Amino acid sequence: MHEQYQPREIEAAAQSQWDAQKSFVVSEQPGKETFYCLSMFPYPSGKLHMGHVRNYTIGDVIARYQRMQGKNVLQPMGWDAFGMPAENAAMKNKVAPAKWTYENIDYMKTQLKSLGLAIDWSREVTTCKPDYYRWEQWLFTRLFEKGVIYRKNGSVNWDPVDQTVLANEQVIDGRGWRSGALIEKREIPMYYFKITAYADELLTSLDELDGWPEQVKTMQRNWIGKSRGMEVCFPYDTASIGSSGELKVFTTRPDTLMGATYVAVAAEHPLATQAAQGNPELQAFIDECKRGGVAEADIATQEKKGMPTALLVEHPLTGEKLPVWVANYVLMHYGDGAVMAVPAHDERDFEFATKYNLPIKAVVRTSAGDETVAPWQEAYGEHGELINSGDFNGLDFAGAFDAIEVALLKKNLGKSRTQFRLRDWGISRQRYWGCPIPIVHCDACGDVPVPEDQLPVVLPEDVVPDGAGSPLARMPEFYECSCPKCGAPAKRETDTMDTFVESSWYFARYASPNYTGGMVDPAAANHWLPVDQYIGGIEHAILHLLYARFFHKLMRDEGLLNSNEPFKNLLTQGMVVADTYYRTTDNGGKDWFNPADVEIERDGKGKVTAAKLKSDGLPVEIGGTEKMSKSKNNGVDPQAMIDQYGADTCRLFMMFASPPDMSLEWSDSGVEGANRFLRRVWRLAQAHVSAGLPGAKLQGELSDAQKEVRRAIHLAIKQATQDIGQHHKFNTAIAAVMTLMNVLEKAPNSADQDRALMQEGIETVALLLAPITPHISHELWQQLGHEGAAIDAQWPLLDESALVQDTLTLVIQVNGKLRGQIEMPASASREEIEAQARANEGVLRFTEGLSIRKVIVVPGKLVNIVAN
Ligand code: ANZ
Ligand code: ZN
């Protein structure tokens, strides 16, 4: 055994042994308990970042721990390989997205391997490969035939100069990111997944997910957004509108109907279109609204703006004429694209009415008893007793809801309705680097799904996009085809799918990644699924997790799976953050400097007080801790750390620095500390092993000192088992091992019994660390004389009897002041303890001349003697 800890050698040796023995390749083993541990697969962007390393280490610790519990553990890995960055890189470097992607995958795979992850690489899935996406296309055609996928017009961001559709993030301040042209909204035909048909189930089955963070479930609930309300019809005022009809609105507050003072419609609403005819000013306003961002967050925060129309509608119960406004805060794609405005009780309506001087009529008494809402106040949004509402006065929310529904039903002008905020999922993308939508457009037959025996529709891989529209739409060799139904010349769809589609079912494909008979082999899928532990970033709390849950249900309903939910337990890992440093440039911008290039000064408490750039020695500003990102240039390259210290140090630092769901602050000294600790472990083991392994096992009576050592060993086992197995608190598990190390380093190691005990101690350290620092544990385990590999060893078993303390140390106080201590057998009675305490030398001295009034015994801790 080397005297020095040499991670490079140790890690290479362990990894090649695991490789050679296919240690992590698993198959279905009936009767053996399975554990499916899955980390969100990476987008192959070029190289690993710290967030990946953290994510995959957390997953690996859990997987390896479960394996040591005797389970059949599946931990796969793959590549979320379609997407826009590949196209952008292609345009910049003039290489095909396929080539760029495959090269990145190769590089990142070697990086992942150098971390020593217990991954079954034989199950690697790459979503841009036809053997993967053909099944996605297959499911698409099935769902299209069932009507779960349908076509309708959707609006997109159209760049008139580049002649291309842009994603929302490519539109900056209303202009195209490349061309700078003003972006137009265009309606084009797109394909939609009818996710709304599953809205109710997606909502209710959240309740079964006990192993998910509450926060994530809440985010999903809000996104699905179920609300119970009423649709209310406002009959047209035929004189102003010129025809008869009704304006339908959706409201969650029908109790406030008598307080409606105007109605507002979205810019895209037919009444807005009608009102704009011959009203150029209104038309200009409508155009402006249509240009605005489609992101909901923008709409919530933007200034409320509107314009009146000359149109009127009638209040459904009173017949009063109410003006129709066009307002930018009304969304076309929510409810019915129109609202009844109740300024007294809705914040948005209140802001709008105050701005445009529209009447405000209070119809709910406030909890303070107020019956009006003055313009300088705020809308009163709470439920309460109705006022100013005629027959409905005095009713509470529920009573008013019912009574108003009855009144509206009588006139056939409304009924209660439950609606969801969730929209159907539009998956058409006018991009090249994605999965082709398997549809053929025929003049005679319409949209024809590509038949199964003609799948996959293969995406050509040698194309270099130039940014001007989708290259597929300019490739007759791709789109010219014949109709699968009638044989006539037809045109292949050139849109590709949203890349969220690929990541919605990869977890199922891992169960049978090479299966050619279908999307999944149902037996394998049911063997492994649902995933026991899913680990990934909180940024995927809504869309990815919702789409994956949806797909799981779609696949269940196709008979491919028999579970309802894909992920039993979810761990959302915190961000990796680091300090930022910058200088302000002449034009007011900021130049960010990487922490590696900055030298810092700290005060006595370790707080950073000053920073200067290493290269010029001049000061830089301290920008605070932020998520590692390219934009703030505060990323630390994991590869540099692995090269310098080895994967185990890197893994140990990441797991020790904070619990997995909290943010992790990068610190060079933390990394050094982790490395120092591993060197200590190595040194202790080296000293022990080089003296020759003990011949005999631990047996017979132990001395008190030996019992203490053994107690420390089993305390560490107890703590680490709880922390890793139950709470995923790897940091405190490591702390327990550190405490044990402190004891072992001081323990005697010459007598046979001591050496046997040391053997048990170091074995325990090696095994408790094995999920976290698998390489050093692998090596130590062998050095400690074991035939089998550490990965096949069992997690250490707790011996409860070792925790029992034979003697306890009790502190003795006289009148609350520490005066001595006594050793007592753990079984000693209160009387025995008291007697010993009274006889203690310190007690005798400090009670001399006093009389003892009371003796308080706190078992296992202290004795306080009250004397005066
Ligand atoms: C009258 C009212 C009075 C409202 C009141 C609220 C408070 P949720 O809960 O999200 O479903 N609304 C309806 N359609 C809209 C659209 N297309 N764009 C913008 N807002 C719309 O919200 C439903 C409420 O949002 C509805 O209830 C409606 O305003 C508004 F004191 O109607 B309410
Ligand atoms: Zn046809």
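Every value quoted in this text rests on a predicted model; they were computed, and no experiment measured them. Indexing begins at 1, ligand by ligand and atom by atom, following the structure's order.
Using a 4.0 Å cut-off to heavy atoms of Val330, the atoms of ligand 1 that qualify are 16 (C), 17 (N), 18 (N), 19 (C). Contact atoms of ligand 1 toward Phe250: 11 (O), 13 (C), 26 (C), 28 (C) (distance under 4.0 Å to a heavy atom of the residue). For ligand 1, the atoms lying closer than 4.0 Å to a non-hydrogen atom of Tyr334 are 8 (P), 10 (O), 11 (O), 14 (N), 15 (C), 16 (C), 17 (N). Atoms of ligand 1 found under 4.0 Å from any heavy atom of Met340, numbered from 1 in the order shown, are 1 (C), 32 (O). Listed by number with element, the atoms of ligand 1 under 4.0 Å from a non-hydrogen atom of Tyr329 are 18 (N), 19 (C). Remark: ligand 1 atoms within the under-4.0 Å shell around heavy atoms of Thr256 are 3 (C), 31 (F).
Side chains of Tyr198 and Asp557: a donor-acceptor N/O pair is present below 3.5 angstrom, by distance only.
Relative orientation of the Phe567 and His544 rings is tilted, given thresholds of 30° and 60° on the angle between their planes. In this structure, Tyr191 and Phe140 have perpendicular ring planes: the angle between them is above 60°, well past the 30° mark.
Checked by distance only, ligand 1 and Ser227 come closer than 3.5 Å through their nitrogen or oxygen atoms. For a threshold of 3.5 Å applied to N or O pairs, the pair formed by Asp346 and ligand 1 contains no separation below that value. No N or O atom of His345 sits closer than 3.5 Å to an N or O atom of ligand 1. Annotation: Arg253 places no N or O atom under 3.5 Å from an N or O atom of ligand 1; distance criterion only. Geometrically, ligand 1 and Leu331 share a nitrogen or oxygen pair separated by less than 3.5 Å.
Residue-ligand proximity: Arg348 is placed with a non-hydrogen atom under 4.0 Å from ligand 1.
Between Trp325 and Phe352, the ring centre distance stays below 6.0 Å.
Expressed to the nearest 0.5 Å, how far CD of Glu187 lies from NZ of Lys152 amounts to 9.5 Å. Atom CE of residue Met307 and atom OH of residue Tyr356 lie 8.5 Å apart, to the nearest 0.5 angstrom.
With atom 15 (C) of ligand 1 as the reference point, the heavy atom nearest to it among Thr252, Val339, Val342 is part of Val339. Among Val364, Asn222, Val363, Thr251, the residue whose heavy atom sits closest to atom 1 (C) of ligand 1 is Thr251.
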- Item | Steps toward side-chain hydrogen bond (donor to acceptor under 3.5 Å, both in side chains) verdict (Gln220, Arg549) | CA-CA 11 Å; Gln220 296 234 335; Arg549 295 179 59 224; 2.8 Å; yes
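Heavy atoms from other residues, nucleotides or ligands lying under 6.0 Å from NZ of Lys415 number 12 at most.
For the side-chain hydrogen bond (donor to acceptor under 3.5 Å, both in side chains) with Asn564, the lone residue among Arg556, Glu201, Glu208 that qualifies is Arg556.
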